[in-house]
Amino acid sequence: MEQTVERRPRASSEARIVLRFCLAFAAFTVAVFIALYGVQDTIIVRLNRHVAWLAGAILSALGAPVASRGAVVSVGGFAVEIKNNCNAIYEAGLFAAAVWAYPAPVRAKAVGTLIGISLLYLVNLVRVLSLLAIGVLARGWFDVAHLYVWQALFFAVVAGCWFGWILRLPSKT
């Protein structure tokens, strides 16, 4: 009686590409987050202050009674402090890690990263401004909007930016 040995099928080309992307994405994500942690006291603290200042400047230009000091913005009797999860830097890092892990030309990655991070910065500014408005106009909804609604929306924006970038890449036909 002859016995046959079953062999595992070789991973397809697509499976290898997906695995390579997942491993590269994990490595880039770890590298980005380590780098961001390293610049916490220098760059990130300044970014928080900048977001607060810009939100205050926009609201002031719109005629709102606003005060901004450091990373704190207050409108009327409501104030928020821009902290690490309010500045979109980690989401931008996650987006950049996904872009750089994807198999695409370096120029496309660089342009995609710059455009995507700029868009995330603008959406985050809208997030901060809308949360300030909700805090002033409907204080009871602030925590829900801040912790649940905007968290989910922002994740969707990050994913949308990444998928939008992928769809704009030239095809390899």
Side-chain angles (χ1 to χ4, degrees), residues 13-59 68 70-73 80-135 142-173:
S13 171
E14 292 87 12
R16 283 192 303 270
I17 291 170
V18 169
L19 179 61
R20 197 175 315 133
F21 167 77
C22 290
L23 293 173
F25 177 60
F28 279 125
T29 300
V30 168
V32 165
F33 280 70
I34 288 171
L36 289 174
Y37 183 76
V39 297
Q40 172 62 40
D41 293 333
T42 54
I43 295 173
I44 307 300
V45 169
R46 288 181 183 156
L47 176 63
N48 294 347
R49 290 180 188 146
H50 174 74
V51 171
W53 171 82
L54 189 54
I58 291 170
L59 290 172
S68 175
V72 177
V73 183
V80 296
E81 181 179 4
I82 307 301
K83 294 186 176 186
N84 288 348
N85 292 335
C86 305
N87 58 21
I89 194 71
Y90 294 108
E91 293 87 348
L94 191 66
F95 170 77
V99 167
W100 286 90
Y102 195 80
V106 171
R107 182 171 169 17
K109 290 178 183 187
V111 170
T113 300
L114 290 174
I115 292 171
I117 288 175
S118 299
L119 183 61
L120 292 176
Y121 180 83
L122 291 174
V123 170
N124 186 64
L125 189 58
V126 169
R127 174 174 78 164
V128 169
L129 292 170
S130 72
L131 288 171
L132 282 164
I134 290 168
F142 177 81
D143 288 335
V144 171
H146 179 243
L147 298 174
Y148 302 107
V149 175
W150 265 113
Q151 292 291 342
L153 283 174
F154 213 79
F155 178 76
V157 169
V158 171
C161 284
W162 186 66
F163 284 119
W165 171 75
I166 289 172
L167 293 173
R168 284 173 179 68
L169 290 173
S171 64
K172 295 181 180 181
T173 56

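Closest of all the heavy-atom pairs between A92 and I117 is CB-CG1, 3.8 Å. The minimum heavy-atom distance between L59 and L132, with the atom names listed, is CD1-CD1, 3.6 Å. Among all heavy-atom pairs drawn from A52 and G70, the shortest one is CB-O, 3.6 Å. Across every non-hydrogen atom of E81 and C86, the tightest pair is O-SG, 4.2 Å.
Within the 4.5 Å cutoff, the side chain of W150 has heavy atoms near those of the V123 side chain. Residues L120 and C161 have side chains in contact (heavy-atom distance under 4.5 Å, counting atoms from C-beta outward). Between V80 and L131, the closest side-chain pair of non-hydrogen atoms is not below 4.5 Å. Between V30 and F25, every side-chain heavy-atom pair lies at or beyond the 4.5 Å cut-off. With a 4.5 Å cut-off on side-chain heavy atoms, N87 and H50 do not count as touching. Side-chain atoms of Y121 and L47, non-hydrogen and from C-beta on, do get closer than 4.5 Å to each other. Side-chain contact between V73 and V128: absent, with no pair of heavy atoms (C-beta onward) separated by less than 4.5 Å. Looking at F21 and I17, their side chains never come closer than 4.5 Å, going by heavy atoms from C-beta outward.
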Would you check, one step at a time, whether the test side chain to side chain contact (heavy atoms under 4.5 Å, CB included) holds for F28 with L94?
CA-CA 8 Å; F28 279 125; L94 191 66; over 6 Å; no

CA sep, side-chain torsions, deciding dist, call: I89, I43, side chain to side chain contact (heavy atoms under 4.5 Å, CB included)
CA-CA 10 Å; I89 194 71; I43 295 173; over 6 Å; no

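Under the 3.5 Å distance criterion, with hydrogens and angles disregarded, a donor-acceptor pair is assigned to the side chains of N84 and Q40.
The line from CG of N85 to CD of Q151 is 6.5 Å long, rounded to the nearest 0.5 Å. Between the CG atom of N48 and the CD1 atom of I44 there is a distance of 7.0 Å, given to the nearest 0.5 Å. With values rounded to the nearest 0.5 angstrom, R127 atom CZ is found 11.5 Å from I134 atom CD1. One distance of note links CH2 of W162 with CG of L167; it measures 10.0 Å at 0.5 Å rounding. Taken from CG in L129 to CD1 in I58, the straight-line distance is 5.0 Å, to the nearest 0.5 Å. Atom-to-atom distance recorded for W53:CH2 and I82:CD1 is 14.0 Å, nearest 0.5 angstrom.
Shown here are the ring-ring contact (aromatic ring centres under 6.0 Å, His included) partners of Y90, two or more places apart in sequence or in another chain: F33.
When the shell of 6.0 Å around CZ of F155 is examined, it contains 12 or fewer heavy atoms from other residues, nucleotides or ligands.
Under the 3.5 Å distance criterion, the side-chain polar atoms of K109 are matched with a main-chain donor or acceptor of W100.
Residues Y102 and W165 bring their aromatic ring centres within 6.0 Å.
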